[in-house]
Amino acid sequence: MFSQSKTNKSTSGCLGNIQKATDLIKQADRILVGIGAGMSAAGGLDYANPKLAERWYPEYYKMGLTTIIDIMANYWPNTVSRQPERFWGFWAKHIFHIRYEPQATKPYLDLFKIIADKEHFIVTTNVDGQLEKAGFKKEEIFAPQGDYAFFQCAKHCCDEVYDNRHIIETMIRNMPNALEIRTADIPKCLHCGAYLMPNLRCDENFAEAPHMGNRADYEDFINLHQNENLIFLELGVGFNTPGIIRIPFEQMTKALPNATLVRINTTDVRMATDVGGKAVCIASDVSAVLEEIYANTRL
């Protein structure tokens with residue numbers, strides 16, 4: 001995805017910190033990884049990229065909705081009951097493009113190669129399945145925000161979630177036009193008959209139980225190894241939900257005696273917490289930095 005010249009240009013001002021990060025990862029006893037939307041964006045799944053919106057959703061682009069963010073603002077996950085045919089006209093295609101169509105992207109593949117031989121655990125706010133596609137095991141991932149691969153009852157009558165690939169493909173295959181699905185293809189809850197919606201954390205009706213099974217393992221990973229040489233590796237985490245990864249990583253880095261935070265983000269790497277110099281911050285393209293770290297770990 002990145003040529004060598006682009007990698008060098010993208011990371012030219014950060015080479016010292018990239019080497020520091022590489023050394024920390026090599027020397028770490030264990031690595032706790034936090035992954036946000038910037039990681040998937042670095043691999044090409046960028047909701048803010050107008051070119052991607054134009055390619056995937058030309059009908060919305062022509063309406064002036066020039067990013068996926070713009071389109072989603074009109075079809076938020078819990079608004080399914082307003083115009084369900086039009087709601088799914090977007091969401092069926094969006095879930096297919098983000099969750100099912102892509103292979104594992106380069107940043108995730110590089111991350112896997114970097115930490116596969118280290119004991120690690122991952123917490124992510126992403127819902128696109130990229131971690132599993134790259135080779136990471138479900139047991140080592142805590143993903144509390146949901147998963148595009150599932151539907152849930154919009155009224156949260158129960159915690160059951162529905163595998164949705166077949167439903168998605170059926171909706172898309174039968175679409176009568178570019179904006180709507182057939183009324184007959186609107187998915188309904190098998191228990192109460194309410195509309196189904198994407199299983200994403202967007203309001204108090206989120207069915208979170210299916211995603212909380214690894215929470216105890218995530219907490220144990222920290223508690224059992226808190227005195228070891230622990231690296232918090234934060235990748236593409238912004239401020240949409242800072243209370244899940246960004247702020248806790250800073251607070252734990254400060255509190256744990258041998259912890260170090262490595263923060264890689266395209267733009268904002270500022271610290272809200274004084275961690276006493278126990279952080280390496282790299283403001284550069286996440287994919288380019290991981291490519292450089294992987295190259296350095298092989299030396």
Side-chain angles (χ1 to χ4, degrees), residues 37 40-41 44-103 125-130 132-133 143 145-211 240:
S40 290
L45 304 178
D46 185 357
Y47 287 21
N49 185 344
K51 292 183 179 179
L52 187 62
E54 184 177 19
R55 184 167 81 245
W56 282 353
Y57 311 110
E59 58 278 5
Y60 299 101
Y61 190 87
K62 292 175 183 177
M63 297 177 187
L65 303 174
T66 57
T67 69
I68 296 174
I69 296 171
D70 294 336
I71 304 170
M72 290 180 72
N74 285 350
Y75 301 98
W76 202 238
N78 58 358
T79 62
V80 60
S81 62
R82 294 179 187 172
Q83 291 182 302
E85 291 87 356
R86 288 215 163 202
F87 175 92
W88 288 115
F90 165 68
W91 273 99
K93 290 184 288 186
H94 179 63
I95 291 172
F96 178 78
H97 285 313
I98 294 294
R99 185 64 173 80
Y100 295 120
E101 186 176 47
Q103 299 297 313
T125 54
N126 293 348
V127 294
D128 53 23
Q130 279 288 306
E132 293 172 49
K133 290 180 182 181
Q145 298 297 83
D147 190 330
Y148 276 148
F150 299 118
F151 291 158
Q152 66 158 87
C153 176
K155 294 184 177 180
H156 193 192
C157 74
C158 64
D159 284 324
E160 182 176 354
V161 293
Y162 302 80
D163 291 323
N164 65 23
R165 181 161 192 162
H166 175 71
I167 302 171
I168 290 291
E169 291 173 346
T170 299
M171 285 194 284
I172 293 172
R173 184 172 59 249
N174 294 336
M175 287 180 70
N177 58 63
L179 296 176
E180 298 177 337
I181 68 164
R182 299 188 314 168
T183 301
D185 291 332
I186 297 171
K188 302 285 185 68
C189 176
L190 297 179
H191 299 284
C192 73
Y195 291 117
L196 295 182
M197 61 176 277
N199 178 224
L200 308 176
R201 189 185 297 277
C202 62
D203 64 14
E204 68 280 358
N205 287 322
F206 174 55
E208 71 172 12
H211 310 287
N240 284 340

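Since we're looking at a predicted model, the values are computed, not measured.
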Take His97 and Tyr57, measure what side chain to side chain contact (heavy atoms under 4.5 Å, CB included) needs, and give me the verdict at the end. CA-CA 10 Å; His97 285 313; Tyr57 311 110; 3.7 Å; yes
Val80 vs Trp91, side chain to side chain contact (heavy atoms under 4.5 Å, CB included): CA-CA, chis, key distance, verdict: CA-CA 10 Å; Val80 60; Trp91 273 99; over 6 Å; no
Go through the steps to decide whether Asn174 and Ile181 satisfy the test side chain to side chain contact (heavy atoms under 4.5 Å, CB included), and finish with yes or no. CA-CA 7 Å; Asn174 294 336; Ile181 68 164; over 6 Å; no
Under the criterion side chain to side chain contact (heavy atoms under 4.5 Å, CB included), I'd like the reasoning laid out for Tyr162 against Gln152: C-alpha separation, chi angles, the key distance, then a yes or no. CA-CA 6 Å; Tyr162 302 80; Gln152 66 158 87; 5.8 Å; no
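Between Leu45 atom CG and Leu52 atom CG the span is 7.5 Å, to the nearest 0.5 Å. Separating the NZ atom in Lys155 from the CG atom in Asn205 is a distance of 10.0 Å, to the nearest 0.5 Å. Note that CG of Asn164 and CZ of Phe150 are 8.0 Å apart. Values are rounded to the nearest 0.5 Å. Remark: Ile95 CD1 to Arg165 CZ distance equals 12.5 Å, nearest 0.5 Å. Expressed to the nearest 0.5 Å, how far OG of Ser81 lies from CZ of Phe87 amounts to 9.0 Å. In this structure, OH in Tyr60 is found 5.0 Å from NZ in Lys93, a value given to the nearest 0.5 Å.
Of all non-hydrogen atoms in Pro187 and Phe151, the two that sit nearest each other are CG-CE1, 4.1 Å. Annotation for Ile172 and Ala92: closest pair CD1-O, 3.5 Å, computed over non-hydrogen atoms. His211 and Phe206 make their closest contact through CD2-CZ, 3.8 Å (heavy atoms, listed as atom of the first residue, atom of the second, distance). Annotation for Asp159 and Pro210: closest pair O-CG, 3.5 Å, computed over non-hydrogen atoms. The two residues Pro77 and Leu200 have their closest heavy-atom pair at CG-CD1, 3.9 Å. Here the closest heavy-atom approach between residue Thr66 and residue Ala53 is recorded as O-CB, 3.5 Å.
Within a 6.0 Å sphere centred on CD of Glu101, heavy atoms belonging to other residues, nucleotides or ligands number more than 12. With a 6.0 Å radius and a threshold of 12 heavy atoms from other residues, nucleotides or ligands, Trp76 has its CH2 atom at or below the threshold. Residue-environment remark: CD (Glu169) exceeds the threshold of 12 foreign heavy atoms within 6.0 Å. Within 6.0 Å of CG on Asn240 lie no more than 12 heavy atoms contributed by other residues, nucleotides or ligands. For CZ of Arg82, the number of neighbouring non-hydrogen atoms (other residues, nucleotides, ligands) closer than 6.0 Å is 12 at most.
Counting only distance, with no hydrogens or angles, the side chain of Asn199 and the backbone of Ala207 share a donor-acceptor pair below 3.5 Å. In terms of modelled atom types and a separation under 3.5 Å, the side chain of Glu54 and the main chain of Lys62 share no donor-acceptor contact. Between the Lys133 side chain and the Asp128 main chain, no donor and acceptor come within less than 3.5 Å of each other. A distance-only check finds no donor-acceptor pair linking the side chain of Asn74 to the backbone of Ile71 [under 3.5 Å].
Taking Glu160 as the reference, His191 meet the side chain to side chain donor-acceptor pair (under 3.5 Å) condition, with sequence neighbours excluded.
Checked by atom type, the side-chain pair Thr125/Gln145 shows no donor-acceptor distance below 3.5 Å.
Residues Gln130 and Pro102 form a side-chain contact, since some pair of their non-hydrogen atoms from C-beta on lies under 4.5 Å apart.
For the pair Arg99 and Asp147, the salt-bridge criterion is met [side-chain N within less than 4.0 Å of a carboxylate O].
In this structure, Tyr75 has its ring center no closer than 6.0 Å to that of His94.
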